[in-house]
Amino acid sequence: QVQLVESGGGSVQAGGSLRLSCVASGRTFTYRDMAWFRQAAGKEREFVARILWNGGITYYADSVKGRFAISRDNAKNTMYLQMNSLKPEDTAGYYCAADPQFRSDGRYTYWGQGTQVTVSS
């Protein structure tokens with residue numbers, strides 16, 4: 001069974017940094033497409049960043065461009081999200097997602113349970 005486990009969330013002040021990790025376990029196939037999403041209280045889930053299997057192609061939401069960086073280590077089945085210059089509006093539960101196929105539609109097969117990020121002003 002495939003399992004995604006996020007870690008690295010926490011509480012920081014505005015301007016601070018956090019690094020999220022997502023470890024994939026279970027079936028040993030390469031996730032061609034991995035992504036981070038977030039959901040703030042009372043709001044819909046939104047896309048944050050996406051990275052394709054070889055790590056050479058990435059996509060970002062406009063709201064995080066220049067501040068967040070997504071990366072992955074396929075040998076460790078781990079994806080990261082480095083978040084810098086955090087703002088209070090970045091406060092949300094952050095979820096990793098993965099799929100053995102490319103998912104430009106956002107309909108990933110596997111999802112983690114989420115890790116909370118709280119940014120205070």
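Side chains are part of it too, since the values below use all heavy atoms of this structure and drop only hydrogens, waters and symmetry mates.
Going from atom CD of Glu89 over to atom CZ of Arg38 covers 8.0 Å, rounded to the nearest 0.5 Å. The distance from the CG atom of Leu52 to the OH atom of Tyr59 is 5.0 Å, given to the nearest 0.5 Å. Annotation: the span from Ser21 atom OG to Arg72 atom CZ amounts to 14.0 Å, rounded to 0.5 Å. Once rounded to the nearest 0.5 Å, the distance linking OG of Ser17 with CZ of Phe68 reads 9.5 Å. For the atom pair Arg19 CZ and Gln82 CD, the distance stands at 6.5 Å (nearest 0.5 Å). For the atom pair CD1 of Ile70 and CD1 of Ile57, the computed distance is 12.5 Å after rounding to the nearest 0.5 Å.
No side-chain heavy atom of Val48 sits less than 4.5 Å from a side-chain heavy atom of Tyr95. Counting only heavy atoms from C-beta outward, the side chains of Ser71 and Met79 never approach each other to under 4.5 Å. Between Asp90 and Arg67 there is a side-chain heavy-atom pair separated by less than 4.5 Å. Side-chain contact between Val117 and Leu18: present, with at least one pair of heavy atoms (C-beta onward) separated by less than 4.5 Å. In this structure, Asn74 and Lys76 have side chains that are not in contact, with every pair of non-hydrogen atoms separated by 4.5 Å or more. Looking at Gln39 and Glu46, their side chains never come closer than 4.5 Å, going by heavy atoms from C-beta outward.
Relative ring orientation between Phe37 and Phe47 is described as perpendicular, the plane-to-plane angle rising above 60° on a 0-90° scale split at 30° and 60°.
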Between Met83 and Trp36, does the side chain to side chain contact (heavy atoms under 4.5 Å, CB included) criterion hold? Intermediate values first, please. CA-CA 12 Å; Met83 305 186 296; Trp36 289 96; over 6 Å; no
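When all heavy atoms of Glu6 and Gly114 are compared, the pair lying nearest together is OE1-N, 2.8 Å. Here the closest non-hydrogen pair linking Pro88 and Ala14 is CD-CB, 4.1 Å. Residues Pro100 and Tyr110 share a closest heavy-atom pair of CD-CE1, 4.0 Å.
Cation-pi contact between Arg50 and Tyr60: absent, since separation from the ring centre below 6.0 Å together with deviation from the ring axis within 45° is not met. In this structure, Arg103 fails the cation-pi test against Tyr108, since its NZ or CZ atom is not both closer than 6.0 Å to the six-membered ring centre and inside 45 degrees of the ring normal.
Counted within 6.0 Å of CD on Gln116, heavy atoms from surrounding residues, nucleotides or ligands total more than 12; the atom is thus considered enclosed.
Taking 4.0 Å as the cut-off between side-chain N and carboxylate O, Lys65 and Asp62 count as a salt-bridged pair.
Within the structure, every pair that satisfies the disulfide bond (SG atoms under 2.5 Å apart) test and touches residues 56-121, not counting sequence neighbours, is listed here: Cys22-Cys96.
Placement of Val23 and Leu4 in two distinct hydrophobic clusters is found when ILVMFWY residues are connected by side-chain heavy-atom separations under 4.5 Å, directly or transitively.
Of the residues Leu81, Val5, Leu20, the one that meets the side-chain contact (heavy atoms from CB on, under 4.5 Å) test with Thr115 is Leu20.
No side-chain donor from either of Asp73 and Thr78 sits under 3.5 Å from a side-chain acceptor of the other.
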